[in-house]
Amino acid sequence: DQQVKQNSPSLSVQEGRISILNCDYTNSMFDYFLWYKKYPAEGPTFLISISSIKDKNEDGRFTVFLNKSAKHLSLHIVPSQPGDSAVYFCAAKGDRDDKIIFGKGTRLHILP
Amino acid sequence: NAGVTQTPKFRILKIGQSMTLQCTQDMNHNYMYWYRQDPGMGLKLIYYSVGAGITDKGEVPNGYNVSRSTTEDFPLRLELAAPSQTSVYFCASRPGLAGVYEQFFGPGTRLTVL
C-alpha cells in the first residue's frame, strides 16, 4: 500500500509561470517531508524540506506548503525555468523510525 | 569530496547469478540507504543502516542482503538474481543529525537480469 502518493505522473507549465506539484500521504506518523529533483541518468538531489510542525518553508523560487489535516503537501516553483524540467519526488520520514519513503514522482516539463 | 559513489554503473546478470553492488561515501555519514527504481515507479527502500554494524529492512528487502562493517561502505548483495530485480539501484547517505534528513544520492547502478 502506497504511503506517499503523487497522483500526477506529469505536468507541463509555461516558462515564467508557476509550477505546482502535489503530494498526499496516508501515514499520520510522518513528521518530516522532503522534495527531490531528478534528471535522467543521475541520482536524485535534495531540493527543499518541511517539518510537520510548520506549514510553509521557502527557499528562493521554491516553496513547500504542508496541510496536516488534509495529509497533503505541495511544491510551488515560481517562476518556472527551463532547467526545472525534471522528475520531482516527494518523500516522508516517520517519527518512530529512520525510513524515508518516496512517492512515484511527477515529471515536470517547462515549455518555452 | 567524492560524495556517494556506486560501482558498477551497469551490469547484466543471468538468472541465478549473484553479485554485490558497492556503495561508498566519504562524508562520514552515519545513515545509509539502498533504493531501487523500476520504470515509471518511485524509489522503493530496500535496506537502510543507522551506523556501522546496524542494518534494518525497508519496504522491499526480499532477495537482498546488506552489511555495514564500516561507516563508509554499505554493499548490497543479490544472491540469486531474478528478472524482477531488473532495476536502477541508488545508494544514499545522510549525516544523522537531529532535524537534518536530507539524503545525498549516488549516480545509480543499472542492473539487468536476463
Side-chain angles (χ1 to χ4, degrees), chain A residues 1-10 21-27 30-54 57 59 62 64 66 73 86-107, chain B residues 2-7 9-10 21 23-25 27 29-51 54-61 68 74 87-110:
Chain A
D1 187 31
Q2 241 188 313
Q3 299 186 67
V4 178
K5 300 177 185 181
Q6 294 178 258
N7 293 319
S8 299
S10 68
L21 295 96
N22 294 304
C23 177
D24 297 293
Y25 61 96
T26 58
N27 188 343
F30 286 146
D31 67 347
Y32 204 85
F33 303 90
L34 308 98
W35 284 93
Y36 288 83
K37 177 179 178 179
K38 185 183 182 302
Y39 293 120
E42 294 183 10
T45 54
F46 170 75
L47 201 53
I48 191 169
S49 62
I50 188 166
S51 164
S52 61
I53 63 173
K54 296 186 175 181
N57 188 27
D59 184 1
F62 303 93
V64 56
L66 175 62
L73 61 155
V87 176
Y88 289 79
F89 290 102
C90 174
K93 179 197 159 309
D95 69 344
R96 300 282 174 87
D97 60 36
D98 296 294
K99 294 177 185 176
I100 297 181
I101 306 298
F102 282 71
K104 289 187 179 182
T106 296
R107 184 176 299 276
Chain B
V4 179
T5 56
Q6 292 183 240
T7 56
K9 287 192 185 337
F10 304 95
L21 282 69
C23 175
T24 300
Q25 52 92 9
M27 298 173 281
H29 287 173
N30 288 327
Y31 289 62
M32 295 187 75
Y33 301 79
W34 273 106
Y35 292 90
R36 59 177 285 174
Q37 185 186 18
D38 300 331
M41 303 294 286
L43 283 77
K44 290 288 188 183
L45 180 63
I46 306 172
Y47 271 96
Y48 66 105
S49 168
V50 302
I54 307 169
T55 62
D56 209 346
K57 294 178 181 179
E59 302 170 274
V60 290
R68 184 94 182 272
F74 190 39
S87 192
V88 182
Y89 291 83
F90 290 102
C91 179
S93 71
R94 68 177 178 92
L97 299 171
V100 179
Y101 303 107
E102 163 192 350
Q103 295 163 301
F104 295 80
F105 280 82
T109 293
R110 185 175 293 274

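With Tyr36(A) contributing its side chain and Gln103(B) its backbone, the two residues share a donor-acceptor pair below 3.5 Å.
The two residues Lys93(A) and Tyr101(B) have their closest heavy-atom pair at CE-CE2, 3.2 Å. Contact between Tyr35(B) and Ile100(A) at its shortest, heavy atoms only, is OH-O, 2.7 Å.
Between Phe104(B) and Phe46(A), the gap from one ring centroid to the other reaches at least 6.0 Å.
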Task: Chi angles and distances behind the side chain to side chain contact (heavy atoms under 4.5 Å, CB included) call for Tyr48(B), Lys99(A) - done: CA-CA 7 Å; Tyr48(B) 66 105; Lys99(A) 294 177 185 176; 3.5 Å; yes
Open item on the list: Quick one, Lys104(A) with Asp38(B), criterion salt bridge (charged side-chain N to carboxylate O under 4.0 Å, His left out). Give me CA distance, side-chain angles, the key distance, then yes/no.
Closed with: CA-CA 10 Å; Lys104(A) 289 187 179 182; Asp38(B) 300 331; over 6 Å; no
- [ ] Kindly indicate, with the supporting measurements, whether the criterion side chain to side chain contact (heavy atoms under 4.5 Å, CB included) is fulfilled by Ile101(A) and Lys44(B).
- [x] CA-CA 7 Å; Ile101(A) 306 298; Lys44(B) 290 288 188 183; over 6 Å; no
TODO: Please step through side chain to side chain contact (heavy atoms under 4.5 Å, CB included) for the pair Phe90(B) and Lys38(A), ending with a clear verdict.
DONE: CA-CA 12 Å; Phe90(B) 290 102; Lys38(A) 185 183 182 302; 3.5 Å; yes
Open item on the list: As a quick check of understanding, evaluate side chain to side chain contact (heavy atoms under 4.5 Å, CB included) for Arg94(B) and Asp98(A), giving each step before the final call.
Closed with: CA-CA 11 Å; Arg94(B) 68 177 178 92; Asp98(A) 296 294; 3.4 Å; yes
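Counting heavy-atom pairs under 4.5 Å between each of Gln37(B), Arg110(B), Gln6(B), Lys9(B) and chain A puts Gln37(B) at the top. When each of Pro107(B), Gly108(B), Cys91(B), Ala92(B) is checked for heavy-atom pairs under 4.5 Å with chain A, Pro107(B) comes out on top. Top candidate by heavy-atom pairs under 4.5 Å with chain A, chosen from Leu43(B), Val88(B), Val50(B), is Leu43(B).
Interface residue Leu34(A): only side-chain heavy atoms are found under 4.5 Å from chain B. With a threshold of 4.5 angstrom between heavy atoms, Ala41(A) approaches chain B through N, CA, C or O but not through any side-chain atom.
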